[in-house]
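Heads up: the structure comes next, in structure tokens.
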There are 2 protein chains.
Amino acid sequence: MSSARNLTAALRRARVPRPRLALRPVQFTPVTATARTFTSSSTRTSDSRQIKYTSEAYNLQRNPNFAEISADDVAHFKELLGSQSAVIDGVTTDAADDIEPFNSDWMRKYRGHTRLVLKPQNAQEVSKVLKYCNERKLAVVPQGGNTGLVGGSVPVFDEIVINTSRMNQIRSFDAASGVLVADAGVILETADQYLAEREHLFPLDLGAKGSCHIGGNVSTNAGGLRLLRYGSLHGSVLGLEAVLPDGTIVDALSTLRKNNTGYDLKQLFIGSEGTIGLVTAVSIQCPPRPKAVNVAYFGLESFEQVQQAYLAAKGQLSEILSAFELMDGRSQGLVIESTGNKHPLEGEYPFYCLVETSGSNAEHDMAKLESFLESVMGDGIVADGVLAQDETQFQALWRWREGITESLSHLGGTYKYDVSIPLADLYQLVEDCKARLTEKGFVGDDDSFPVRAVVGYGHMGDSNLHLNVSVRQYNKEVEKAIEPWVYEWIQKRQGSISAEHGLGVAKREFIGYSQNETMVKLMKQLKNLYDPNGIMNPYKYI
Amino acid sequence: MSSARNLTAALRRARVPRPRLALRPVQFTPVTATARTFTSSSTRTSDSRQIKYTSEAYNLQRNPNFAEISADDVAHFKELLGSQSAVIDGVTTDAADDIEPFNSDWMRKYRGHTRLVLKPQNAQEVSKVLKYCNERKLAVVPQGGNTGLVGGSVPVFDEIVINTSRMNQIRSFDAASGVLVADAGVILETADQYLAEREHLFPLDLGAKGSCHIGGNVSTNAGGLRLLRYGSLHGSVLGLEAVLPDGTIVDALSTLRKNNTGYDLKQLFIGSEGTIGLVTAVSIQCPPRPKAVNVAYFGLESFEQVQQAYLAAKGQLSEILSAFELMDGRSQGLVIESTGNKHPLEGEYPFYCLVETSGSNAEHDMAKLESFLESVMGDGIVADGVLAQDETQFQALWRWREGITESLSHLGGTYKYDVSIPLADLYQLVEDCKARLTEKGFVGDDDSFPVRAVVGYGHMGDSNLHLNVSVRQYNKEVEKAIEPWVYEWIQKRQGSISAEHGLGVAKREFIGYSQNETMVKLMKQLKNLYDPNGIMNPYKYI
């Protein structure tokens with residue numbers, strides 16, 4: 001019996017006056033893996049050659065309007081960028097091994113045919129590269145940490161990869177205003193560590209933080225774990241620097257919190273996945289780092305109770321609530337299977353939640369949290385739970401949430417659906433999808449079944465579910481059983497087929513399920529305005 | 001001697017252990033006026049005829065490409081909108097008295113020549129109106145509560161006023177997600193009262209809340225009093241419905257917190273001041289209403305100490321800080337002069353601050369606030385202060401901040417500059433402006449001097465200053481002494497010439513001080529894309 005269960009009993013015995021709660025942790029498995037660090041493109045091995053080409057998987061044809069890269073082009077880029085390390089040339093040399101990591105993604109799901117990778121060092125170099133490509137009609141793919149989940153940062157055919165890893169300087173930070181200005185290629189975790197030393201916090205956090213670039217985060221409008229506290233990048237990004245396909249440098253790197261002088265053009269680059277320009281630097285409002293952070297992990301018997309727990313957290317933890325994450329029982333089972341770690345709760349539950357608080361006063365936060373725990377455990381909403389007692393346990397509990405993506409990737413392929421659905425219906429999608437695939441005979445425990453499990457987890461506080469279908473290998477029949485059924489299901493509930501991952505290659509055809517014809521038409525009009533030759537990240541998005 | 005001063009003495013006597021603070025209020029003047037309610041266009045009298053025409057004041061010429069409104073046009077609109085109350089016809093009838101309130105602003109600074117006011121009731125009617133106007137090349141001005149400060153919602157020549165007051169329905173509210181969907185013409189205070197009954201809060205608050213429309217708030221990207229807590233509308237607005245000049249209805253009224261399916265087009269309507277489309281409805285994320293709210297009002301001896309107090313508030317009040325407002329001594333003197341109210345502090349200080357906390361636990365909030373007060377008073381940062389003890393005092397203290405705008409308007413004209421400047425330089429602009437106007441012999445206490453006072457106040461927490469030059473009447477010589485000097489001053493410090501008020505007529509020529517040529521070119525390109533005939537709110541913005 002875990003300590004949190006003892007806690008419930010203690011609470012029931014003595015409701016008034018409430019005793020000081022003795023919150024004891026259960027034994028945690030020692031840290032064995034860092035779920036937060038993805039394998040980055042620069043260190044991955046070239047076994048990506050076994051990955052199926054995106055062009056074949058998605059039955060795409062190369063756009064004949066695009067030019068083929070010539071030896072002259074390569075010579076031009078080498079002269080332009082000067083440095084040896086700025087060009088990986090697979091056109092005039094056999095650089096296949098060096099090129100391959102940039103051609104595929106960490107999920108081993110997308111693979112392109114690029115023969116040229118460029119690593120410009122600043123907006124001026126990006127400008128010269130894009131201007132040349134635009135005039136020559138050479139297609140390009142902006143690429144940051146290449147940690148995306150929809151194939152948006154991987155070439156499909158021979159698009160030139162423009163990688164931001166050499167634009168990696170923090171330009172400035174002002175402690176009074178909390179405004180950070182940094183190059184697009186700064187790794188999210190690096191930016192956050194820099195801010196931690198200055199008692200501030202990057203207002204975005206996500207599992208791939210050890211590899212992803214902040215320019216990529218902004219370009220894909222990443223949401224992540226603490227959006228419910230710190231809001232979306234549309235609110236926190238104060239300015240940016242970007243380069244349009246014709247080489248125009250958009251210098252909108254304002255550090256002002258308020259600036260109502262004309263159209264807020266920078267917003268167009270947030271979430272447009274590199275299809276109208278390449279973001280080279282970002283200015284962002286960073287909050288003070290919380291002095292106290294707590295994490296609790298619960299087991300619950302029903303999704304109805306998960307909803308009750310969320311509303312209780314929203315009401316009672318209020319301004320200190322910084323994350324409310326949902327994980328279903330199957331997702332946690334797969335993490336156990338993949339990592340061998342011991343689960344923090346003794347019993348098994350169909351649902352688990354992770355609740356994080358962040359505040360400025362440890363005593364007040366703990367009092368609020370205890371009152372919340374008393375209420376949800378006393379009312380029987382939560383069946384069991386533990387509270388992290390130190391940094392190690394804090395990290396260990398978070399790994400049960402953040403480790404799901406990587407654990408799944410170790411078990412085979414995953415069909416990933418990142419969706420927004422009104423809260424009441426959030427988990428029904430997982431149930432319905434599982435029933436559908438089971439009925440078709442796809443789901444089972446041994447290797448004769450293509451589907452290992454249908455799992456659901458996500459950012460409950462944002463009404464954002466990650467539906468994951470874990471398969472032993474990618475299987476067209478399974479995919480056909482899910483799509484477009486899943487999109488129709490979401491459309492009926494006015495949800496979004498992409499809450500935070502974006503469209504990329506994976507969902508480019510399905511935008512109509514979440515956007516009406518007028519919106520799609522207006523988007524195409526904008527794309528055409530900024531990128532009339534269509535060279536920016538083609539075969540994707542709209 | 002005020003009670004807060006006694007408090008300081010008590011704190012100094014017994015720092016360790018800290019006693020329970022006895023916070024007693026000073027005597028407040030009874031409420032005599034509601035500073036929060038502006039005189040709305042529908043109730044204002046027609047003495048606006050004495051206001052100078054904007055076309056003359058700004059030496060503007062009517063664009064000859066626009067058609068003149070004919071009797072046929074009026075007949076068309078009457079048939080289209082059906083209802084008698086939807087059309088105020090000054091073309092075929094003498095409706096000058098009814099029309100005039102829509103032709104001028106509450107500051108008596110801008111005045112147009114419109115002869116036709118239309119009040120459509122929904123997006124479909126707006127669509128038909130705009131489509132017709134676009135085909136006929138009839139210019140229009142979208143108008144909400146007409147509470148703007150830069151002449152953006154008032155016609156210049158004979159533009160047709162499209163007023164949103166009849167689109168005034170709250171469409172839906174979901175307590176679980178906190179998402180409100182409402183028509184553009186809902187008054188901000190009405191929306192907030194509706195939410196208050198449902199334990200939620202509109203994430204925007206400003207002095208004009210009793211009159212301004214939420215559609216106007218969104219169209220002008222209003223900032224207001226609590227942006228430092230709840231963020232900008234670019235983050236909190238989840239969706240909107242708008243009509244383009246060609247009649248296209250942009251249905252982007254998503255209620256999802258996350259939706260990464262294509263370009264976030266709605267962002268373009270936030271802050272574009274009705275120049276590319278007319279917002280007809282808004283979907284917005286609303287936070288839970290705080291259970292405890294406190295307000296303290298301080299007197300300080302220097303701007304250096306104001307900065308110290310702000311950094312202390314940011315660090316110590318952290319997640320419960322909901323406003324940090326600055327008022328200089330002269331601004332408070334003018335409120336006394338205008339209202340006759342007794343000031344809450346006994347001594348006079350060059351600077352005053354209003355600090356508000358909003359949280360979920362009254363006891364915790366008070367403990368944080370007491371600790372903050374102990375620190376800023378104990379360290380001699382704050383010279384004197386009071387803390388509101390009840391709702392009446394809370395409102396009374398806020399009026400010393402919110403009442404400035406209206407008090408100034410009662411004393412004559414005001415040249416208003418709403419600027420963003422890095423925090424350290426924020427107040428220097430007021431000093432420099434005052435020195436400049438004094439040197440030129442414009443400033444004095446008797447009626448022979450055009451300038452009554454140069455005052456500064458604003459949203460310290462957002463680095464947003466309102467520089468106001470209070471004049472006995474509008475005076476071209478004074479204006480020439482301020483402009484463009486003030487804009488050059490701001491440009492040198494990479495500030496913004498419009499933090500939250502927008503460009504309107506007042507600043508349309510000065511955008512170049514805060515935006516570079518590339519940005520202005522890209523904005524014009526967008527304007528041309530959506531409004532090729534230029535009928536939407538002409539003579540303004542870019």
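Values below: all heavy atoms of this structure, side chains included; hydrogens, waters and symmetry mates excluded. Here is how names work: the chains are called A, B, and so on, in the same order as the sequence lines, proteins then strands, and each is numbered from 1. Computed from a predicted structure; not experimentally measured.
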Portion of [X] that has a non-hydrogen atom of chain A nearer than 4.5 angstrom:
X: B/Ser254; answer: neither
X: B/Thr518; answer: side chain
X: B/Gln515; answer: side chain
X: B/Leu503; answer: both
X: B/Lys521; answer: neither
X: B/Leu522; answer: both
X: B/Asn221; answer: both
X: B/Tyr230; answer: neither
X: B/Lys368; answer: both
X: B/Tyr530; answer: side chain
X: B/Asn528; answer: neither
X: B/Thr248; answer: side chain
X: B/Ile249; answer: backbone

Please identify, among [options], the residue contributing the most non-hydrogen atom pairs under 4.5 Å to chain B.
options: A/Lys527, A/His459, A/Glu273, A/Gln494; answer: A/Lys527
options: A/Asp418, A/Thr275, A/Val520; answer: A/Thr275
options: A/Lys507, A/Arg229, A/Gln267, A/Glu199; answer: A/Gln267

Would you mind reporting whether [Y] and [X] have side-chain heavy atoms less than 4.5 Å apart?
X: A/Leu268; Y: B/Leu268; value: yes
X: B/Ile320; Y: A/Glu319; value: yes
X: B/Leu423; Y: A/Asp174; value: no

Item to check | Pair B/His501-A/Asn260, side-chain donor/acceptor within less than 3.5 Å | outcome: no

Next on the checklist: Between B/His364 and A/Asn361, do the side chains contain a donor N or O and an acceptor N or O under 3.5 Å apart?
Outcome noted: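 The criterion, which ignores hydrogens and geometry beyond distance, is not satisfied for B/His364 and A/Asn361.
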
So which atom in [X] and which in [Y] form the shortest heavy-atom distance, rounded to 0.1 Å?
X: A/Thr261; Y: B/Ser496; answer: CG2-OG, 3.7 Å
X: A/Lys314; Y: B/Pro288; answer: CE-CG, 3.9 Å
X: B/Asn464; Y: A/Lys258; answer: OD1-NZ, 3.0 Å

Checklist outcome for this item: Sorted by chain and number, sequence neighbours left out, side chain to side chain contact (heavy atoms under 4.5 Å, CB included) with B/Gln307 holds for B/Phe303, B/Glu304, B/Ala424, B/Met460

For the interface with chain A, which of [options] has the highest count of heavy-atom pairs at distances below 4.5 Å?
options: B/Gly235, B/Ala499, B/Ser358, B/Ser272; answer: B/Ala499
options: B/Ser318, B/Ala176, B/Gly495; answer: B/Ala176
options: B/Ser236, B/Ala175, B/Gly262, B/Ala252; answer: B/Gly262
options: B/Pro422, B/Gly359, B/Gly271; answer: B/Gly359

Item to check | Contacting region of A/Thr220 [heavy-atom separation from chain B under 4.5 Å] | outcome: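 Only the backbone of A/Thr220 comes within 4.5 Å of chain B.
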
Checklist entry - A/Asn516 versus chain B, heavy atoms under 4.5 Å apart: side chain, backbone, both or neither? => result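 Contact with chain B involves the side chain of A/Asn516 alone.
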
Spacing of [X] atom [atom1] and [Y] atom [atom2] [to the nearest 0.5 Å]:
X: B/Asn259; Y: A/Ser463; atom1: CG; atom2: OG; answer: 12.0 Å
X: B/Ser360; Y: A/Gln316; atom1: OG; atom2: CD; answer: 9.0 Å
X: A/Gln525; Y: B/Leu529; atom1: CD; atom2: CG; answer: 4.0 Å
X: B/Asp251; Y: A/Glu517; atom1: CG; atom2: CD; answer: 12.5 Å
X: A/Met519; Y: B/Leu265; atom1: CE; atom2: CG; answer: 4.5 Å
X: B/His234; Y: A/Ile270; atom1: NE2; atom2: CD1; answer: 9.5 Å

Checklist entry - Is atom NZ of A/Lys291 surrounded by more than 12 heavy atoms (other residues, nucleotides or ligands) closer than 6.0 Å? => result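 Check passes, neighbour count above 12.
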
Checklist entry - Listed by chain and number, what are the ring pair (Phe, Tyr, Trp, His ring centres under 6.0 Å) partners of A/Tyr541, not counting sequence neighbours? => result B/Tyr263

